[in-house]
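This is a predicted model, so every value here is computed, not measured. Chain letters run A, B, ... following the sequence lines, proteins first and then strands; every chain starts at 1. Heavy atoms only: backbone and side chains are in, while hydrogens, waters and symmetry mates are out.
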Protein chains: 2
Amino acid sequence: METNCDISPAEWQVMRIIWTLKEATSAQVTTILQRKVDWQSATIKTLLHRLVKKGALKTIRHGRAFIYQPLVKEQETMNEAVDQLFASICQMHAGQSLLHVIKHTELSKKDIASLQKLLAQKAVNAPEMVDCDCVPGEDIRCD
Amino acid sequence: METNCDISPAEWQVMRIIWTLKEATSAQVTTILQRKVDWQSATIKTLLHRLVKKGALKTIRHGRAFIYQPLVKEQETMNEAVDQLFASICQMHAGQSLLHVIKHTELSKKDIASLQKLLAQKAVNAPEMVDCDCVPGEDIRCD
DNA sequence: AGTTTTAATTTACAACCGTAAACTTATTTC
DNA sequence: GAAATAAGTTTACGGTTGTAAATTAAAACT
């Protein structure tokens with residue numbers, strides 16, 4: 001049962017920090033983020049606020065301030081985002097895009113091993129080609 | 001030199017049809033799309049219009065109507081979209097997300113072979129682990 | 001206790017997006 | 001040639017997003 005909260009790119013930046021630290025105050029998030037992007041602290045407060053409203057973060061009061069904690073899991077949220085993107089693009093070309101992203105992504109030996117194992121499994125029953133699913137009924141293919 | 005046009009999810013649906021057919025009239029796009037989604041033709045006209053304005057499509061007049069043709073390449077546009085997403089997420093977990101998406105994506109034998117070849121290459125110099133790049137300086141890792 | 005600091009909340013505002021009706025104009029059909 | 005059709009253009013409208021200032025409220029320091 002998904003906490004269906006779509007996280008915008010700017011909000012991702014905030015979430016990543018809180019996920020990594022497990023919890024953080026708005027001041028911490030601001031300090032860390034401002035080393036990377038040029039946002040006013042007011043902007044970051046807005047983003048935190050929206051994320052709470054969306055159900056991605058919860059707060060516990062701590063004196064004057066809040067401590068923000070994630071309500072959604074990082075890996076799950078990432079997977080949903082990736083799924084959503086891959087649902088928008090042509091299946092037939094998805095393989096090429098995967099190739100592209102893997103080419104430009106740093107992967108650990110373990111990651112690579114897992115991927116290799118998965119691919120070896122998938123290779124067994126893989127189709128010769130994947131149909132384009134953009135125009136139903138027409139079944140256009142590439143070779 | 002990118003034709004930096006961000007394509008929204010609804011617009012993707014339109015682009016996919018035109019990419020696949022190479023060119024199409026709004027009537028064609030409408031007929032095909034309406035087999036998949038419940039949009040009025042007015043909606044599709046708006047999307048086509050916006051895509052032309054964004055520089056993703058061009059038109060050539062043909063009697064009363066226009067023929068719409070892509071100005072941006074499908075694979076390039078897909079790659080940019082995927083890059084953009086992967087730039088938003090934590091590097092350290094990117095490998096897991098790739099695993100996830102590959103698990104759920106249909107891939108041809110050829111796609112798989114290319115991926116395997118690439119992974120084999122990358123394995124040679126792959127790091128033992130990939131650092132989290134969410135909180136600079138802290139270098140949090142997972143095992 | 002009063003002043004300063006800092007957090008949170010409210011308000012703002014333009015751009016983009018999903019969704020579509022209304023209007024205009026050109027074309028085809030009778 | 002007049003009427004009906006269909007394509008494009010304009011306008012619309014509420015929601016989300018990026019970006020942030022203004023306001024309020026609470027805590028910390030002197």
In short, the helix from C:dA1-D:dT30 to C:dC30-D:dG1 is bent end to end, axes from five pairs each side, to 10°, by 0°
Nucleotides bounding contact with chain B, strand DNA chain C, heavy-atom threshold 4.0 Å: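 Result: C:dC17 to C:dT28.
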Enumerate the salt bridge (Lys or Arg N to Asp or Glu O under 4.0 Å) contacts for [range], please, sequence neighbours excluded, ordered by first and then second residue.
{"range": "residues 112-128 of chain B", "result": "none"}
{"range": "residues 9-37 of chain B", "result": "A:D133-B:R16, B:E11-B:K54"}
{"range": "residues 60-75 of chain B", "result": "B:K73-B:E76"}

All side-chain contact (heavy atoms from CB on, under 4.5 Å) counterparts of B:T43, not counting sequence neighbours: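 B:T43 satisfies side-chain contact (heavy atoms from CB on, under 4.5 Å) with B:W39, B:Q40, B:L47 only.
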In chain order, what residues pass the side-chain contact (heavy atoms from CB on, under 4.5 Å) check against B:A94, with sequence neighbours excluded?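 By the side-chain contact (heavy atoms from CB on, under 4.5 Å) rule, B:A94 matches A:T105, B:F86.
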Residues passing the side chain to side chain donor-acceptor pair (under 3.5 Å) test with B:S108, sequence neighbours excluded, are B:D111
Sequence neighbours left out, what passes side chain to side chain donor-acceptor pair (under 3.5 Å) with B:S97? Give chain and number order. A:Q75, A:N79
Could I get the full list of ring pair (Phe, Tyr, Trp, His ring centres under 6.0 Å) partners for B:W12, not counting sequence neighbours?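 Applying ring pair (Phe, Tyr, Trp, His ring centres under 6.0 Å) to B:W12 gives B:W19.
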A:H49 meets the ring pair (Phe, Tyr, Trp, His ring centres under 6.0 Å) criterion, sequence neighbours left out, with none
Check the distance between D:dG8's P and B:L48's CG and give it to me in whole angstrom.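 Taking atom P of D:dG8 as the reference, CG of B:L48 is at 8 Å.
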Check for a donor-acceptor pair, side chain of A:K58 on one end and backbone N or O of A:L71 on the other, with a separation under 3.5 Å. no
Which residue, B:T25 or A:R64, contacts DNA chain D at a nucleotide closer to its 5' end, judged by nearest heavy atom?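 Nearest-nucleotide comparison on DNA chain D picks B:T25.
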Return no unless some side-chain N or O of B:S26 is found under 4.0 Å from OP1 or OP2 of D:dG8. yes
Using a 4.0 Å cut-off on protein heavy atoms (strictly under), produce a 5'-to-3' string for nucleotides 10-22 of chain D with B for base contact, S for backbone-only sugar-phosphate contact, and - for none. --B----BBBBB-
